Amino acid sequence: MPDARALLRPIITDALRQFETAGGQTLEDYATRPSAGLPARPSCPPIQSGGDLVDLAAAECGRLLGEATGQALRRELEERFHAQTANHLGVDFHPEFFQGDLLFAMGCRHAVPVFSCGGVPADNAAFPRGLLLSRGQPGDNFFGCERLPVMSGRHRHQLVSLMPAFDAAPVHAACAGLPGRLADPDERTALTRLIQQLYLHPRVLAQTHFREQAAIMNSLLWQGALQPGCGLPPLATLDMQWLCSQLVLRDLSQPGSLAHSLLLEPELLAAVWDALNGERACWTGDAQTLYRGTFLFWGAGEHGRGLALMPSGRFSRLVSVKHPGWSLPLNARDIRDALEQRRLVPSLFLSFAVTCLARGLRCAGGVFQATYLPRMAHGLAAALRQCGEAALADRVDGGTPPCQACTGLLPLRLPRPDGSDPDAILAGRAAGPTELWLAGGLSPELWQRLCNTAVSDALAVSLPYHYDDLLGTRPGDAARQTLLHEAAGVAGRLPFVPFSPAGTPGSRHA
């Protein structure tokens with residue numbers, strides 16, 4: 001019989017190794033003692049102090065979520081200097097992202113720092129434009145989510161970091177349209193209430209940018225999906241690309257900073273281009289064109305669409321292949337002006353370069369980040385050595401913390417509906433915050449069961465999701481069946497969200 005894990009191993013190599021090495025550990029132990037399958041801790045201090053990132057994040061958090069939460073985030077970052085960096089910016093309705101936040105929160109004391117990627121279009125899988133329900137449509141794989149739009153599709157191609165704030169009109173229109181999408185009146189009433197509590201909250205509607213609204217809505221959703229007795233710290237979601245834009249602006253005036261060298265030295269840029277060309281989350285291209293990703297930044301095109309950029313003029317400028325008129329000289333003044341005018345959005349590589357590789361932020365990522373972030377560090381270090389910067393290279397190699405896979409385990413499940421497909425996983429679908437909200441919130445008892453779940457059990461029910469997502473489902477797929485049988489075997493040991501018939505909300509929201 002085919003070995004399904006062997007098929008997945010080349011794709012999610014490092015995350016799978018971490019999860020399998022943790023094995024019988026509880027999720028709480030895995031989150032609080034992140035050593036399983038990870039390399040040694042940093043052997044030397046990072047290139048730069050992370051104090052400016054702490055100040056920046058705490059101030060922005062305090063402005064959006066209140067001074068108490070801002071101070072809590074400051075304490076968290078000063079004590080641990082870590083953040084969840086796997087999420088796409090938006091409201092975290094996707095079960096994979098939300099359950100990743102729960103796992104990461106097990107290792108947090110004062111606040112749960114989530115630095116979400118805003119350099120993605122608004123129509124990505126996390127669906128920033130509305131709600132996700134943990135149920136699929138005909139033709140979906142077993143783990144598909146149903147999208148429930150709230151915001152207009154007008155901005156669906158924009159980079160999320162560049163989206164303007166929405167107003168109340170599309171929210172009211174979405175609520176008015178729910179009868180045509182949700183047949184059950186109880187479910188319709190409950191989800192209308194959820195939409196109104198998030199999207200029509202006065203603090204949400206008072207913001208200027210969507211990234212600010214997302215931070216507030218995530219905080220409200222976190223409070224509504226968890227019962228107070230769980231004792232979890234407040235969630236602090238911030239736009240990673242906005243944070244990194246501010247760091248780059250500061251670093252441009254600091255000749256000793258990594259970003260200053262990286263952006264303004266053509267020889268180093270050329271070496272970095274070669275060292276990371278073809279790597280996931282970086283870029284793939286040649287002297288004539290760019291095939292995948294972007295180099296250093298995304299350019300802001302018409303209506304906020306992201307433009308993939310590549311080097312030109314012997315690494316003295318960035319240009320867009322698809323929009324020949326778009327060009328940016330790589331000098332401090334032009335980069336600064338473009339960032340301040342929101343014509344540039346830092347890429348994943350540059351974002352991790354100024355946070356993790358330069359300042360030593362420990363990033364908890366997803367199943368891909370566990371592989372590509374260390375490769376970014378090794379590639380940057382190799383480029384620095386090639387340019388005669390051996391001391392800086394050693395600081396990148398020795399000062400970069402290991403990347404723990406925290407998003408990709410989905411142990412919190414929904415009960416399997418009666419009469420469902422007998423081939424479907426017996427543990428049911430992964431639960432998201434919508435389902436928790438409908439059930440009255442995650443209870444202290446359910447939270448404790450989640451904390452005590454074995455990593456091996458969480459992995460068993462998560463691998464079919466990754467198999468479907470990465471390899472696709474084919475009729476008679478024997479390898480997938482082995483994963484489903486393995487998942488079914490651990491069903492009785494998993495935490496289940498209490499079933500709420502017909503979507504009736506729990507008493508907390510009634």
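Just so you know, residue 1 is the first one in the sequence shown, and it goes up from there. Keep in mind it's a predicted model, so treat the numbers as computed, not measured. Keep in mind that the numbers below use all heavy atoms, side chains included, and drop hydrogens, waters and symmetry copies.
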message: Whether Arg317 and Asp334 form a salt bridge (side-chain N of Lys/Arg under 4.0 Å from carboxylate O of Asp/Glu) is what I want to check.
response: no

- prompt: Is Arg75 salt-bridged to Glu79, going by a charged N under 4.0 Å from an acidic O?
  reply: no

task: Classify the side-chain pair Ser351/Gln241 by whether it contains a donor and acceptor separated by less than 3.5 Å.
output: yes

task: For the residue pair Leu262 and Leu350, establish whether any side-chain heavy-atom pair is separated by less than 4.5 Å.
output: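 The answer is yes; the side chains approach within 4.5 Å.
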
message: As a quick check of understanding, evaluate side chain to side chain contact (heavy atoms under 4.5 Å, CB included) for Asp101 and Thr237, giving each step before the final call.
response: CA-CA 10 Å; Asp101 293 347; Thr237 300; 5.7 Å; no

Between [X] and [Y], what is the shortest heavy-atom contact and its length?
| X | Y | answer |
| --- | --- | --- |
| Thr407 | Phe97 | CG2-CD2, 4.1 Å |
| Glu60 | Leu238 | CG-CD2, 3.8 Å |
| Thr453 | Pro495 | OG1-CD, 3.4 Å |

Side chain to side chain contact (heavy atoms under 4.5 Å, CB included) between Met106 and Glu28, intermediate numbers included: CA-CA 6 Å; Met106 293 177 189; Glu28 185 173 29; 4.3 Å; yes

- line: Taken to the nearest 0.5 Å, the spacing of His201 NE2 from Met217 CE works out to 11.5 Å

- prompt: Roughly how far, to the nearest 0.5 Å, is CD of Gln369 from CE of Met376?
  reply: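 Between atom CE of Met376 and atom CD of Gln369 there are 8.0 Å.
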
message: With side chain to side chain contact (heavy atoms under 4.5 Å, CB included) as the criterion, how do Leu373 and Cys356 come out once you've worked through the C-alpha distance, each side chain's angles and the decisive distance to 0.1 Å?
response: CA-CA 9 Å; Leu373 184 51; Cys356 178; 4.0 Å; yes

query: Are the aromatic rings of Phe166 and His155 close, with centres under 6.0 Å apart?
result: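 Phe166 vs His155: aromatic centres not under 6.0 Å.
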
query: Mind checking whether Phe349 and Trp283 have parallel, tilted or perpendicular rings, split at 30° and 60°?
result: perpendicular

- request: Could you go through the side chain to side chain contact (heavy atoms under 4.5 Å, CB included) check for Leu318 and Leu330 one step at a time?
  value: CA-CA 7 Å; Leu318 295 175; Leu330 285 172; 3.9 Å; yes

